[in-house]
Q: 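To start, I am sharing the structure in question, which I have written as structure tokens.
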Amino acid sequence: MPPTETVVVLDFGSQYAQLIARRVREQKVFARILPYSAPLADIAALNPVGIILSGGPANVYADNAPQGDAGIFTLGVPILGICYGCQWLCEELGGTVQRAARREFGAATLTITAPDELLDGLATATDGGLPVWMSHGDQIVKLPAGFKTLAQTATCPHAAMAQPEKKFYGVQFHPEVAHTPCGKDLLHNFLYRICGAQGNWEMRSFVEDAVAAAREKIGGANVVLALSGGVDSTVVALLLQRTVGARLHCIFVDNGVLRKNEYAKVVENYRRDFQLNLIPVSAGKIFLDRLAGVADPETKRKIIGHTFIDIFAEEARKIADCKFLAQGTLYPDVIESVAAHGGPTAVIKSHHNVGGLPEKLGFELVEPLRWLFKDEVRALGAELGMPEASIWRHPFPGPGLAVRIVGEVTAARVAVLQEADEIVMQEIQAAGWYRKVWQAFAVLLPVASVGVMGDERTYENTVALRVVDSLDGMTADWSRLPYDLLAKISGRIINEVRGVNRVVYDISSKPPSTIEWE
Ligand code: XMP
């Protein structure tokens with residue numbers, strides 16, 4: 001389904017490969033990530049307008065250094081190598097890379113030594129230099145034949161190089177990171193001036209293409225979708241509703257560990273705002289019965305996952321002529337990532353919340369978001385008329401509040417946490433912090449402590465407040481909320497939630513902690 005105009009990003013094990021693809025797409029050119037080991041035929045089949053070689057942790061002169069297919073240099077396609085990608089390109093075309101006398105990590109100043117299309121028009125600092133971000137211990141000491149140096153830094157004599165006739169380029173710095181302010185313009189030059197891209201990647205055309213593709217695949221059959229109330233499944237629902245209308249059946253299961261009033265709100269809003277063909281299933285009691293006495297986090301996850309599949313399958317089987325299961329799988333879930341410590345390890349994650357469903361039901365999968373990054377899904381949601389509040393909804397784990405109740409999950413403990421969680425949401429929103437943080441929530445701990453309320457001694461539960469900043473949930477840091485806001489949340493929880501007499505703030509980052517407590 002990818003549109004015709006594609007840039008291929010070859011991943012040499014960089015932590016930034018996805019970032020490169022996103023930066024390219026931000027410039028309205030579709031980018032697809034392939035492992036560095038992708039065969040030439042696979043790359044050529046995509047008919048790319050350009051190829052970008054990512055960085056990577058290896059030394060290009062080492063025995064086991066990742067090697068791409070050198071056939072890419074015969075495709076007649078412009079190529080931009082970044083960091084390791086630049087060094088691999090250099091060695092492959094006859095240049096030399098060696099360990100640098102001085103490593104270069106962090107901010108550096110780039111000085112242009114020869115004008116070229118790649119670096120043309122980039123905004124310089126007042127001293128005439130270009131701030132760039134470096135991260136390398138090796139560097140190019142001899143250019144391949146036909147190449148010229150475009151720019152240098154204090155310690156890196158060939159920080160950018162080019163063979164303009166063949167349109168081969170290399171930069172030692174990282175144009176994809178925010179710390180290289182001119183990186184966006186450099187990529188723009190590469191895409192539009194060097195690759196001659198048209199820039200046809202936009203949400204409007206994606207919707208048309210995705211609807212047409214889904215229509216062709218689904219034909220007159222019925223489709224079933226597990227709606228969670230989250231952004232991804234909602235966007236899939238709206239997209240497929242455009243495609244098959246009421247033949248899309250959205251099953252929404254109350255698993256007993258949703259947020260306060262979430263079930264009723266989703267059912268009401270989704271029917272009213274989106275006229276979705278919704279099948280609500282109130283199954284909280286079944287889930288809580290099966291969770292009784294279980295304290296281990298992974299066992300909780302498994303029980304919830306299996307119970308969900310049982311209930312969903314039972315409902316789905318009632319739908320006549322249903323051949324397809326729609327899922328909100330995103331691009332990061334399907335990229336064959338290259339392990340940084342020496343690939344190629346193909347890591348293809350299955351959608352963790354509904355994993356197992358396709359096998360159980362024998363349905364064919366429809367995954368209209370499998371080419372999109374999260375920020376693109378949000379843009380798509382806007383295109384499809386989703387309200388802002390739904391588009392920017394924080395991620396909420398499939399096992400819900402069960403993994404935020406440390407220890408056994410009971411109806412009473414769920415009720416306590418729902419009250420605390422609601423206060424957190426209200427106050428974070430009222431203070432204008434909801435959009436600034438990745439997630440904000442309360443965790444109910446199995447720790448009772450002594451307190452005093454009025455003249456009474458209390459011995460009640462502790463709630464931990466967890467608020468984090470993150471870009472993708474993979475790494476995170478605790479949010480520096482204002483003390484006044486923390487005080488307000490704590491005060492309200494202790495005063496309003498029966499059974500809680502202490503609130504603590506979690507100041508751990510991920511890694512080494514995780515975002516959720518379980
Ligand atoms: P952790 O706790 O691993 O969380 O740092 C990273 C992100 O994933 C979410 N999360 C889950 N989502 N099912 C889900 O659908 C799960 O079992 C699950 N566990 C964690 C978490 O909320 C955070 O956004």
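One-based numbering, in listed order, for ligands and for the atoms of each.
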Q: Of the choices His394, Glu298, Lys510, which has the non-hydrogen atom that lies closest to atom 3 (O) of ligand 1?
A: Lys510
Q: Classify the ring geometry of Tyr263 against Phe252: parallel below 30°, tilted from 30° to 60°, perpendicular beyond 60°.
A: parallel
Q: Could you name the option among Glu516, Arg301, Met474 that has the heavy atom nearest to atom 19 (N) of ligand 1?
A: Arg301
Q: Within the structure provided, determine whether Ser54 and Tyr84 are in side-chain contact (heavy-atom separation under 4.5 Å).
A: no
Q: Do the rings of Phe12 and Tyr36 sit parallel, tilted or perpendicular, given the 30° and 60° boundaries?
A: parallel
Q: For Arg404 and ligand 1, does the shortest N/O to N/O distance drop below 3.5 Å?
A: no
Q: Is it true that the NZ or CZ of Arg404 lies under 6.0 Å from the centre of Phe441's six-membered ring and within 45 degrees of the ring axis?
A: yes
Q: For residues Phe206 and Trp201, establish whether the separation of their ring centroids is below 6.0 Å.
A: yes
Q: Against heavy atoms of Thr514, which atoms of ligand 1 measure under 4.0 Å?
A: 1 (P), 2 (O), 5 (O)
Q: Please check whether Pro399 reaches ligand 1 - meaning an N/O of the residue sits under 3.5 Å from an N/O of the ligand, judged on distance alone.
A: no
Q: With a cut-off of 4.0 Å, which atoms of ligand 1 are near a heavy atom of Gly473?
A: 6 (C)
Q: Is there at least one pair of N or O atoms, one from Gly398 and one from ligand 1, spaced under 3.5 Å apart?
A: yes
Q: Find all atoms of ligand 1 within a distance of less than 4.0 Å from any non-hydrogen atom belonging to Trp438, and give their numbers and elements.
A: 24 (O)
Q: Side chains of Gln439 and His394 only: does a donor on one sit below 3.5 Å from an acceptor on the other?
A: no
